[in-house]
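Predicted model only: the values in this text are computed from it and were never measured. Worth knowing before you read on, the calculation uses all heavy atoms, side chains too, and leaves out hydrogens, waters and symmetry mates.
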Amino acid sequence: MKKWSVVIILGAAQFVMVLDGTVMNVSISTVVADLNTTVSAMQAAITFYTLTMASVMLLGAKLGDLWGRRRAFVIGSIVYAIGSLTTALAPNIVVLFLGWSIIEGLGAVLVIPAIAALVADNYTGPSRITAFAIIGAVSGAAVAAGPLIGGFVTTYFSWRYVFVAEVVIMAVVVLFARVIADKAGRRSERIDVWSVLLSAAGLVFVVLGMLQSKTWGWITPLASPEINGVPIQPLGISLSAWLILLGAILLWAFIARQRRLVATGRPPLVHVSLFDIRQLRSGLGVLGAQYAVTAGLFFMVPVYLQMTLGLDALQTGIRIFPLSISLILFSIVGTRLSRIWSPRRIVRVGQWILVGSAILLLGAVSPDLQSFLFGLGMFLAGAALGLLASQLGAVNMSSVTEKETSEVGGLQGVFQNLGSSLGTALIGSILIGALTTSFSAGVAASTLPSDVKATVATETEGGVAIVPAATVTEIGKENGLSADQSKQLAAVYTDAQLSSLETAFFGLIAITLGSLLLSKGIPTEVAGRKWDEAKTG
């Protein structure tokens, strides 16, 4: 038992790190009502929770080297607990954004890289492979259990209690952290401030541009922000496109600076030469795509279930249960398969199952999402994500020496959270953008009076808000429409929500197909067989 006490402690912290996003997703409608905010504001909070982590994760990994990994782990756990407590007590969306998206995110950037590095410090040989598989399975379990935990607690108590429980768990983690060995110790290095600023700003601008594309437009300006009544759309191009371009330039400058620092003998924030390792490059790429799919799926399905069908948080969690149970099950299956199958084979099987599940989900979309095929699609999606989760941590960490594990742990955190941010921002923007297009087209094609059509067209120039479909009839009446006209408007809105969900699923298919191109460098050697040969050789 003592042998596995370390991975139990690290696994508990990992569980909390992953749990947050899925818990909040099934509680969207309740939090929107409780804090008097909007779905778009919640999308921003969810996106920036993971973006905060992605943008400063490399700094967190570097601080782990400077302070010692166990010390960074403990400090990060304390900061995370403070953020969780702030979130639990939040009276409005601003405080929730501060506590959850910022403070918790900053705590996580110290905890997540340290988890990967401390696993490598405390385990060797086949035990290390098992430990990484356990951490991957715990992550999968958190993704899976989050909707049910969040749904139950939100429906029967309050979403705030979830964050109170996180405070308690992190306090226990800190209390027992002394059993964790930290073999690497501390390093004496300077942190390059410009590297931190360039990487953080670059990632923020890219994701912010994608997040705001639903309102500002991708290329052609829509509802551009204004200063003194003057729209901000340089050279007639959407501000979203300029933000993404600026972010890309800053990230290019970050990479160039890392190479310059190495060339002049100064320590970089990250050794970009690590990306020359084909196995690591593939592992991180697939990891990012996996988290993008997971985040996109866990945003768009709960939004539809709650805002169109009017389900509560627990009912939403139950609808997602097929994915939840298969994710846990196939995380275990993937670990077992690694004794006879190579990581690449397991990953490729998972990727193809994910492609098939996304296609099945698109074909099974119905107004109530209750068909057997939709449930099967969710089950297969969870199976695919479970297979991927069982392999990628070990693939990435085994691609480098022990000296580089902290740095690779930071890169894993960057790709996990950047993937989640991009998934929520991109799929959310597709969902909301498609809703605007479908609703406007539906109103234009309806038999509503021309003055109503003109009013709707004017009011939706800046996008259509996601509101419960059941409230659209009352909104129509409050704006002077007759009962019949209000019902027709509600029917158009409901159809538009269904159409936008289909469009978002198509976006998921594109991401899953793209991820297939990233897995060429995953190892073809069977890890279990290698260790067996080492024992008998």
Side-chain angles (χ1 to χ4, degrees), residues 18-53 83-84 86-105 143 146-147 149-151 153-155 158-163 166 204 207-208 210-215 292 294-317 320 417 420-436 462-469 471 497 500-501 504:
V18 178
L19 181 73
D20 253 7
T22 54
V23 164
M24 193 61 84
N25 282 358
V26 298
S27 306
I28 287 176
S29 63
T30 303
V31 179
V32 165
D34 194 13
L35 301 183
N36 191 29
T37 185
T38 65
V39 172
S40 291
M42 285 303 300
Q43 182 199 7
I46 292 169
T47 299
F48 272 87
Y49 168 63
T50 49
L51 180 57
T52 297
M53 289 188 274
S84 295
T86 303
T87 305
L89 301 175
N92 53 52
I93 187 64
V94 175
V95 177
L96 181 138
F97 193 93
L98 175 64
W100 187 49
S101 304
I102 305 300
I103 299 177
E104 283 191 36
V143 171
I149 295 172
V153 175
T154 299
T155 301
S158 169
W159 58 271
R160 299 176 187 273
Y161 287 120
V162 175
F163 294 94
E166 290 182 355
V204 168
V207 176
L208 181 60
M210 290 187 177
L211 181 66
Q212 289 301 116
S213 62
K214 64 183 181 291
T215 303
T294 304
L297 199 58
F298 272 81
F299 178 76
M300 65 185 188
V301 173
V303 165
Y304 183 84
L305 291 174
Q306 295 180 54
M307 304 306 287
T308 300
L309 302 184
L311 303 188
D312 61 29
L314 179 57
Q315 291 169 324
T316 300
I320 298 174
N417 291 289
S420 295
S421 296
L422 292 175
T424 304
L426 185 58
I427 296 300
S429 294
I430 291 173
L431 183 74
I432 296 172
L435 175 63
T436 301
V464 175
I466 297 181
V467 297
T471 67
Q497 284 188 318
S500 66
L501 182 65

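The shortest non-hydrogen separation linking L96 to V31 is CD1-CG1, 4.2 Å. For the residue pair S101 and A45, the shortest heavy atom distance occurs at OG-O, 2.9 Å. Among all heavy-atom pairs drawn from S420 and A295, the shortest one is O-CB, 3.4 Å.
Of the possible donor and acceptor atoms, none in the side chain of T316 sits under 3.5 Å from a partner among the backbone N and O of P302.
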(message) Walk me through whether Y161 and T154 qualify under side-chain contact (heavy atoms from CB on, under 4.5 Å).
(response) CA-CA 8 Å; Y161 287 120; T154 299; over 6 Å; no

(request) Applying side-chain contact (heavy atoms from CB on, under 4.5 Å), run through F163 and L89 and close with a yes or a no. (result) CA-CA 9 Å; F163 294 94; L89 301 175; over 6 Å; no

(request) List the steps and the verdict of side-chain contact (heavy atoms from CB on, under 4.5 Å) for L422 and V207. (result) CA-CA 6 Å; L422 292 175; V207 176; 3.7 Å; yes

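Here the side chains of I320 and F298 are in contact, with some heavy-atom distance below 4.5 Å. Side-chain atoms of R160 and D34, non-hydrogen and from C-beta on, do get closer than 4.5 Å to each other. Looking at V32 and T38, their side chains never come closer than 4.5 Å, going by heavy atoms from C-beta outward. A 4.5 Å side-chain heavy-atom check between I93 and M42 finds at least one atom pair inside the cut-off.
Listed by chain and number, the residues in a side-chain contact (heavy atoms from CB on, under 4.5 Å) with L297 are M300, V301, L323, L361, A381, F505, L508 (sequence neighbours excluded). Partners of V95 under the side-chain contact (heavy atoms from CB on, under 4.5 Å) rule, at least two apart in sequence or in another chain, are T86, A90, P91, N92. Every residue meeting the side-chain hydrogen bond (donor to acceptor under 3.5 Å, both in side chains) condition with T87, not counting sequence neighbours, appears here in chain and number order: E104. Checked against ring-ring contact (aromatic ring centres under 6.0 Å, His included), Y304 has no partners two or more places apart in sequence or in another chain. For E166, the side-chain hydrogen bond (donor to acceptor under 3.5 Å, both in side chains) partners at least two apart in sequence or on another chain are S84.
Note: L35 CG to T30 OG1 = 10.5 Å, rounded to the nearest 0.5 Å. For the atom pair CD1 (I102) and CZ (F97), the distance works out to 5.0 Å, reported to the nearest 0.5 Å.
A salt bridge (charged side-chain N to carboxylate O under 4.0 Å, His left out) check over residues 42-53, counting only residues at least two apart or in different chains, returns nothing.
Note: W100 and Y49 have parallel aromatic rings, judged against thresholds of 30 and 60 degrees for the angle between ring planes.
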